[in-house]
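Just so it is clear, the structure is predicted and the values come from calculations on it, not from any experiment. Numbering of ligands and ligand atoms starts at 1, following listing order.
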Amino acid sequence: MCLFCKIVNKEIPSNVVLENDHFLAFHDINPKAPVHILAIPKVHVESFHEVSPEIMAGMTPFIQEIARETGIDKSGYRVITNIGEDGGQEVKHLHFHILGGAKLKWEHFSDADPKDFI
Ligand code: 5GP
Ligand code: ZN
């Protein structure tokens with residue numbers, strides 16, 4: 001069973017932010033922003049590339065609710081999902097990073113600036 005399935009089953013503790021029958025949100029163990037929450041489907045899905053439209057239909061309002069509950073909906077936030085090797089996905093259970101609570105940087109994405117590969 002994968003790490004996040006164990007978190008869903010409460011075999012590994014997490015700091016839960018929001019939960020319903022199909023989705024779970026908890027604080028990232030290594031936050032990259034003042035607010036850094038992970039939102040996952042309770043069912044195991046490897047990544048965004050495998051997710052069904054039905055799951056995404058529920059995930060979208062779930063993420064919006066997390067933003068409201070944590071008070072970052074007005075100030076703004078970022079949603080990221082890493083996919084596979086090049087995407088830097090470490091945990092192979094679909095998760096959306098919800099980051100906010102401060103003006104977020106964008107520069108770190110320049111580590112793969114196309115001009116560096118010409
Ligand atoms: P990825 O690199 O796969 O997109 O992101 C995985 C995220 O999971 C990382 O931000 C990492 O800090 C977080 N993480 C890894 N293990 C745990 C854990 O046991 N508990 C929690 N809450 N977060 C975790
Ligand atoms: Zn899993």
### Query
How far is atom 22 (N) of ligand 1 from its nearest protein heavy atom, and which residue and atom is that?
His27 O, 2.9 Å

### Message
I'd like to know whether the aromatic ring centres of Phe4 and Phe26 sit less than 6.0 Å apart in this structure.
### Response
yes

### Message
Checking a contact table here: which protein heavy atom is nearest atom 23 (N) of ligand 1, and how many Å away?
### Response
Ile29 N, 3.3 Å

### Message
Under a 3.5 Å distance rule, please check whether Lys92 uses its side chain to pair with a backbone N or O of Gly84 as donor and acceptor.
### Response
no

### Query
For ligand 1, is there an N or O atom under 3.5 Å from any N or O atom of His36?
no

### Atom nearest to the Zn ion (ligand 2) - His44, N, O or S atoms considered
ND1

### Query
Distance from Phe96 atom CZ to Ile66 atom CD1, nearest 0.5 Å?
10.5 Å

### Query
Is it the side chain (CB and beyond), the backbone, both or neither of Ile12 that lies under 4.0 Å from ligand 1, heavy atoms counted?
neither

### Query
Can you name the N/O/S atom of His93 that is nearest the Zn ion (ligand 2)?
ND1

### For His97, the ligand 1 atoms whose distance to one of its heavy atoms is below 4.0 Å
1 (P), 4 (O), 5 (O), 7 (C), 10 (O)

### Query
Mind checking whether Val91 has an N or O less than 3.5 Å away from an N or O of ligand 1?
yes

### Summary
Phe4 heavy atoms within 4.0 Å reach ligand 1 at atoms 8 (O)

### Query
Crowded around Glu11 CD? As in, over 12 foreign heavy atoms under 6.0 Å?
yes

### Query
Hey, is Gly88 one of the residues with a heavy atom under 4.0 angstrom from ligand 1?
yes

### Summary
To atom 5 (O) of ligand 1, the nearest of His95, Glu90, Gln89, His93 on a heavy-atom basis is His95

### Query
So, does Gln89 use its side chain to make a donor-acceptor pair with the main chain of Glu46 at under 3.5 Å?
yes

## Note on the structure
SG of Cys2 to CD1 of Ile40, rounded to nearest 0.5 Å, is 7.5 Å

### Side-chain heavy atoms of Glu19 within contact of Lys42, under 4.5 Å
yes

### Task
Pick one of side chain, backbone, both or neither for how Leu3 approaches ligand 1, counting any non-hydrogen atom pair under 4.0 Å.
side chain

### Message
If you round to 10 degrees, what value do you get for the angle at the Zn ion (ligand 2) between Cys2 atom SG and Cys5 atom SG?
### Response
120°

### Query
Quick one: does Asn82 get an N or O within less than 3.5 Å of an N or O on ligand 1?
yes

### Summary
So CG of Leu99 and OH of Tyr77: to nearest 0.5 Å the spacing works out to 11.5 Å

### Summary
If you compare Asp28, Leu99, Asn30 by their heavy atoms, the one closest to atom 11 (C) of ligand 1 turns out to be Asp28

### Query
Has the side chain of Arg78 got a donor or acceptor atom that lies under 3.5 Å from a matching backbone atom of Lys105?
yes

### Query
Taking atom types as modelled, is there a side-chain donor on His36 or His97 under 3.5 Å from an acceptor on the other?
yes

